Amino acid sequence: MPAVPPASKSFSIDICYNYSDMETLQQALKRAIHDLFNTDLTPELTRPDEQFGDYATNVSMQLAGRLGKNPREVAEQLAAHLRESLSAEVQEVTVAGPGFINLRLSDVFLASAATAAISAAPRTLEGKTVIAEYSDPNPFKPLHAGHLYTTLMGDIIARLVAHAGAKTIRVNYGGDVGLHVGRCMWGILQYLGGERPEKLSEIAENERSKWMGTCYVTGNTAYENDEQAKAEIITANKRVYQLHKDNDHDSPFAQIYWTCRQWSYEYFATLYDQLQVVPFDRYIPESEVTPLGLQTVEEQLQKGVFEKSDGAVVFDGEKLGLHTRVFISSEGLPTYEAKDIGLSLTKWRDYQFDKSIIITANEQAQYMQVILAAIKQFAPEPAERTEHLTHGIVKLKGGIKISSRKGNGPSALDILQAAREAGAETGTNPSEDTILAAIKYAFAKNRIGGDVIYDPKESIALEGNSGPYLQYAHARARSILKKAANGGGELATFDEAERPLARKLSEYPEVIQKAIDELMPHYVCTYLYELAQAFNRFYEHAQVVGDPREATRLTLVRLYADILRDGLGLLGIGAPESI
RNA sequence: GCACCCGUAGCUCAGCGGAUUAGAGUACUUGGCUUCGAACCAAGGGGUCGCAAGUUCGAAUCUUGCCGGGUGCACCA
């Protein structure tokens, strides 16, 4: 945490604080409250509508209740104190309504805050180790649109955490064992006409993922409709577990398994590459954590954390108001639950994390509660440090739900394709960079948790609240800078057109802080769009190049462009110089 | 049946540890380019914040109950 700034200080525009302007004001307000009322309270500062000021607080209403005083009176007293103690930082302190205190920053302080907006970004996770687990596709299954969403959101969350200074470990967990593998392997064997690994070479390299998808659907359909196939699939599933146990890479069945597993991973890598997400630090296949999960559940069964029920090993979540779930099936096979325990303990053993974030769809929310409740019984630390962040599903505008279970929803590549087609229709010939900006921004701009109705056309549109629009806004600002013969000057004073832009620039660190604290990327999107609007209003009324105030204005334009680039970067979106 | 999430403008969404006049985008109407990228700006119409109670000086926001939608509830993941 930054030190409390000295009580008196001379302001000069080349001073860049390593904390946000908000903290400075907050500390001063806190001291004022202490001085006047001998009460310790950390006041909340909000950004009110511009006509009221740059910051507002309703702390006097809180205090009034505690002190048994009139809120308006308390506000007046505080305001008088602040006019003295913040004379350099604040130009005007007013009391409004029932007792709101509105602060209007001095130009010099605002200048300092705007200039430092990027460098004042929070480093609240400095020295912490944070694991972000996301994407989590299963080998042997096709990537659907939901995977695309969860991958991009996870990437953004990880970027936020890293931005706050955390040592960030990006983990990708996937089911390379389990019934779905049995289904796909069964389908593969049907296609190959038996355990004939040599026939795999007949499948063209660029057809592999599609082919495996078809095999999965074949197996899935057979499992549901054909009793004999179902029995064979269950056997195939057991054989997959067995080959892991035996470390079998040679039997024909094992050769097929390992080859196809590899194909899946290659297919994932291709997609991640296309999406330009930060590469994962570690892939953890289920098979890797299965033994630890199984062993742990068996140990804890002895200690009474788990219990036997109908031949299965279960955790009685109902005692805790949760669901009861099976960890080891009556067949003796670990379920997803046991594997998840292995996964959590593996992360804990290998990284001793301060925080572990798991990003999945909403449908796993109650499931994960059971897992964490179970782990808490014997390993409280990792359980308490784990946060499960869930998101909704992706629907296409017009409304077909994209289902993960049925093999027939739009695939991740279908979404990319839809965006490209919508882009082609605009006639602006968007680059691949812009296509990605469209999709990423469309996914990120909604509050995480709800469903996303994806509209390719709207996402790629160059007007409105879209990724491509912000790329354009950035490029336009850069082009102004290129046009100028001179560099910018230091900020000192603002005129009517400049001030609202400067104020918006100064909000950046607070927005980033909030997005990181709450793990809510959409705050960044909302802010960037509002910033672009503030800029456009400025630009409408203010000539930059050639104006007497050119030096100041060029600096504002540069800060604006830099923040756009920085903010888009947090969203995994590029900011090209021209578009 | 029980549990969790969600109902804000025609559409897509912000706003949610209470507060100054409920906001954006889009669509629609109108005005603005001999000047730095008008992919923009300005103005207008459009909302019983699902419904109903409750708590308070004050509720889109908190509580309860309904109604509507989604998801999850033991050997799938």
Side-chain angles (χ1 to χ4, degrees), chain A residues 44 46 48-49 51-52 56 58 61 71 96-100 102 136 138 141 174-175 178-183 220 223 237 286 309-318 321-337 339-340 360-367 369-370 390 392-393 397 401 404-405 426 428 442 445-447 449-455 457-459 461-466 468-469 471-473 475-484 522-523 525-526 529-530 532-533 535-537 539-547 550 553-554 557 578-579:
Chain A
E44 235 177 84
T46 56
D49 195 283
Q51 59 179 301
F52 299 114
N58 63 355
M61 267 96 93
F100 293 98
N102 294 316
D136 294 355
N138 288 329
K141 277 175 90 171
L179 199 60
H180 66 282
V181 180
R183 293 178 214 230
N220 199 27
Y223 186 87
N237 181 25
E286 267 180 32
S309 174
D310 293 341
V313 178
V314 307
F315 177 76
D316 182 7
E318 274 155 52
L322 303 169
H323 298 144
T324 292
R325 301 199 62 112
V326 171
F327 284 67
I328 300 175
S329 74
S330 48
E331 301 253 355
L333 291 177
T335 60
Y336 196 62
E337 286 82 340
K339 298 170 197 169
D340 244 319
T360 74
N362 289 331
E363 54 195 16
Q364 302 217 7
Q366 287 171 290
Y367 160 82
Q369 282 182 9
V370 179
T390 71
I393 55 171
K397 179 95 173 181
K401 182 193 164 182
S404 61
R405 300 281 169 76
T426 63
T428 55
K445 77 174 176 176
N446 286 5
R447 189 185 185 87
D451 293 345
V452 168
I453 314 288
Y454 179 65
D455 182 348
K457 200 172 159 187
E458 194 180 292
S459 79
L462 288 145
E463 60 276 322
N465 189 1
S466 77
Y469 167 79
Q471 286 189 321
Y472 171 77
R476 189 164 66 144
R478 292 287 174 213
S479 114
I480 295 164
L481 293 171
K482 273 181 211 145
K483 185 149 184 142
H522 77 289
Y523 290 133
C525 298
T526 307
Y529 186 68
E530 285 171 3
Q533 283 182 314
F535 177 81
N536 286 330
R537 279 175 206 134
Y539 187 63
E540 186 74 13
H541 299 107
Q543 179 74 24
V544 177
V545 179
D547 190 89
E550 177 177 310
R553 291 180 179 176
L554 278 174
V557 175
S578 64
I579 180 171

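Note that the coordinates shown come from a computational prediction; the quantities given were computed from them, not determined experimentally. The sequence lines fix the lettering, A, B, ..., with proteins before strands; numbering per chain opens at 1.
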Distances for protein N or O near nucleotides 5-13 of chain B N or O, under 3.5 Å:
{"residue": "B:C11", "atom": "O2'", "partner": "A:K397", "partner atom": "NZ", "Å": "2.4"}

Using the test side chain to side chain donor-acceptor pair (under 3.5 Å), find all partners of A:Y539 that sit at least two apart in sequence or belong to another chain.
-> none

Can you find a donor-acceptor N/O pair under 3.5 angstrom joining the side chain of A:Q366 to the base of B:C73?
-> no

With sequence neighbours excluded, tell me which residues meet side chain to side chain contact (heavy atoms under 4.5 Å, CB included) with A:Y223.
-> A:L179, A:R183, A:K230, A:I233, A:I234

Contacts of A:D136 meeting salt bridge (Lys or Arg N to Asp or Glu O under 4.0 Å) (sequence neighbours excluded), chain-then-number -> none

Considering residues at least two apart in sequence or located in another chain, which fulfil the salt bridge (Lys or Arg N to Asp or Glu O under 4.0 Å) criterion with A:E530?
-> A:K504

Kindly state each residue pair satisfying salt bridge (charged side-chain N to carboxylate O under 4.0 Å, His left out) with at least one member in residues 324-333 of chain A, sequence neighbours excluded.
-> A:K238-A:E331, A:R325-A:E337

Residues passing the salt bridge (Lys or Arg N to Asp or Glu O under 4.0 Å) test with A:D316, sequence neighbours excluded, are none

Whether each nucleotide of nucleotides 40-46 of chain B has a protein heavy atom under 4.0 Å at its base (B), only at its sugar-phosphate (S) or at neither (-) is summarised, 5' to 3', as SSS----

Does B:G15 have OP1 or OP2 sitting under 4.0 Å from an N or O in the side chain of A:H522?
-> yes

What is the nucleic acid contact for A:Y367, judged by heavy atoms within less than 4.0 Å: base, sugar-phosphate only, or nothing?
-> base

Considering Watson-Crick and G-U wobble pairs with both distances under 3.5 Å, what does B:G17 pair with?
-> none

Could you pull out all residues at least two apart from A:N536 that satisfy side chain to side chain donor-acceptor pair (under 3.5 Å)?
-> A:Y469, A:R476

Who does B:G7 pair with, Watson-Crick or G-U, both distances under 3.5 Å?
-> B:C67

